[in-house]
Amino acid sequence: MIDVPDVKAVKQALRNQRIETPSWGYGNSGTRFKVFAQAGVPRTPEEKIADAATVHRFTGVAPTVSLHIPWDKVDDYAALSRHAADLGVGLGAINTNVFQDDDYKLGSVTNPDPGVRRKATDHLLEAIGIMDATGSRDLKLWFADGLNYPGQDDLRDRQDRLAEALRETYARLGEGQRMLLEYKLFEPAFYATDVPDWGTAYAHCLELGPRATVVIDTGHHAPGTNIEFIVAFLLRQDKLGAFDFNSRFYADDDLMAGAADPFQLFRIMNEIVRADALDPAYGINFMLDQCHNIEAKIPAVIRSVMNVQEATAKALLVDREALRTAQQEGDVLGANAVLMDAFNTDVRPLLAEVREEAGLDPDPVAAYRRSGYQKQIEAERAHGPQAGWGA
Ligand code: PSV
Ligand code: MN
């Protein structure tokens, strides 16, 4: 292992790290061609939260779970929050869903029909009401809005409509609540998306005020995009609110974070560490947004959490002083070597120690497999409709 100047501080940072898991990652989800059902999948939001609590039990760093409304609609959100607390976790970001009603065929908040826009904005306001009940801090907005054909609607008018809905929603935020705006280059709209990139999201957040910040979903960029640059830029502007971590090979593949390109995840976490933005007190919500179609879901979420931890540990090992010196001296190869030395370090023994010192099993996936939880949920959840993207 490379020389670690302050191994205690590195371990402390790793112990303090927080990663939020998505309720929908525990349900059935997949591609538009096929969603493969799995045994033991949750049927209710309560059961999804139980799975999230299980991930936290074995990793120790995933104490909150994001909800998606209406997929996680319940009558009593305060009771759901108590259920989560009883299981040792909290409810995190509330994700809005203005993309699955027939009314939204031509868009939600940017729809040319004011009635549809009203309905969509009302859903965003309803989500803030849910946050009031759950105590959630973050309202997460992603709009599928966009156009399939040139000329289909007026690009600029749609920006005005978007700004109006965002303004109304922002004004409704309560004390301590924030708005996170996610962008996506493509899909389901194929010609033009209304919030296609970080620049558009950033400009809208800037207009709104300090409580509106950008979400970077790692799967939502053109191939080859330098995501760590976006991270560095938004951090400098104090406008990075959250991540939706996942992996992509080609499009929005939603594979496990760190699976396709662990080096990219390291480069992202390197910018986070560089800005001292890892600590939960800084306010970035490090979320996963994934779907596990062919792999077992709970161990896949555990593996993803571990992948983020590994990238983070490597970023914490970067010798900042040596890097700065090499950079200032114009030592191109030296600077690059400092970064690569950290990336090429096997941090698994370090993380195993961190877990053991926290009273956890050093191998969370193996511990999960031994725990009997999978067998238990397969027996308990044998009947009834399983949760999925539409339920
Ligand atoms: C859209 O592709 C997205 O990344 C948004 O975050 C949605 O809320 C989520 O996926 C749902 O799976
Ligand atoms: Mn996302």
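In listed order, ligands and their atoms are each counted from 1. One is the number of the first residue; the rest follow in order along the sequence. On a predicted model such as this, the values are computed, not experimentally measured, just so you know. Because only heavy atoms are used, hydrogens play no part in the values below, and waters and symmetry mates are left out as well, while side chains stay in.
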With only distance considered, is Thr96 within less than 3.5 Å of ligand 1 through an N or O on each side? no

Looking at every heavy atom in both Leu235 and Ala275, which two are closest together, and how far apart are they? CD1-CB, 3.7 Å

Can you list the ligand 1 atoms lying under 4.0 Å from a non-hydrogen atom of Asp244? 6 (O)

Please tell me whether Asn246 and Asp289 have a donor and an acceptor in their side chains that are separated by less than 3.5 angstrom. no

Closest non-hydrogen protein atom to atom 11 (C) of ligand 1, residue and atom name please, with distance? His68 NE2, 3.6 Å

How about the Mn ion (ligand 2), which protein N, O or S atoms come within less than 2.8 Å? Glu182 OE2, Asp217 OD2, Asp244 OD2, Asp289 OD2

CZ (Arg348) with more than 12 external heavy atoms under 6.0 Å: no

Looking at Asp113 and Lys119, is any side-chain nitrogen of the basic one under 4.0 Å from a carboxylate oxygen of the acidic one? no

Below 4.0 angstrom, N of the basic side chain to O of the carboxylate: do Lys184 and Asp252 qualify? yes

Please identify which atoms of ligand 1 are closer than 4.0 Å to at least one heavy atom of Asp217. 4 (O)

How far is atom 9 (C) of ligand 1 from the closest protein heavy atom, and which atom is that? Asp289 OD2, 3.4 Å

Side chain, backbone, both or neither: Lys184 near ligand 1, heavy atoms under 4.0 Å: side chain

Glu164 and Arg117 ion-paired at < 4.0 Å: no

Nearest-0.5 Å distance that lies between atom NE2 in His220 and atom OG1 in Thr225: 12.5 Å

Hydrophobic clustering (ILVMFWY, side-chain heavy atoms < 4.5 Å, transitive) - are Leu106 and Leu162 grouped together? no

Is His220 close enough to touch ligand 1? Criterion: a residue heavy atom under 4.0 Å from a ligand atom. yes

Does any N or O of ligand 1 fall below 3.5 Å from an N or O anywhere on Trp142, backbone included? no

In a check of side chain to side chain donor-acceptor pair (under 3.5 Å) between Asn285 and each of Lys140, Glu20, Arg178, which one passes? Glu20

Decide side-chain contact (heavy atoms from CB on, under 4.5 Å) for Val318 and Phe266; before the verdict, give the C-alpha distance in whole Å, the side-chain angles of both, and the deciding distance to 0.1 Å. CA-CA 10 Å; Val318 171; Phe266 160 76; 4.0 Å; yes

Is Asp252 touching ligand 1 with its side chain, its backbone, both, or neither, if touching means heavy atoms under 4.0 Å apart? side chain

Checking heavy atoms under 4.0 Å, the part of Asn97 that sits near ligand 1 is neither

Using a 4.0 Å cut-off to any heavy atom of Lys140, which atoms of ligand 1 qualify? 6 (O)

For His221, which of Tyr250, Tyr183, Trp198 qualifies under ring-ring contact (aromatic ring centres under 6.0 Å, His included)? Tyr183

Lys NZ or Arg CZ of Lys314 over Phe343 ring: under 6.0 Å, within 45°: yes

A student comparing Glu187, Met287, Gln290, Glu182 should find that the heavy atom closest to atom 6 (O) of ligand 1 comes from Glu182

Considering heavy atoms of the protein only, find what lies nearest to atom 12 (O) of ligand 1 and give residue, atom and distance to 0.1 Å. Trp24 NE1, 3.6 Å

Going by distance only, is there an N or O of Trp71 that falls short of 3.5 Å from an N or O of ligand 1? no

Is the shortest side-chain N to carboxylate O distance from Arg158 to Asp154 below 4.0 Å? no

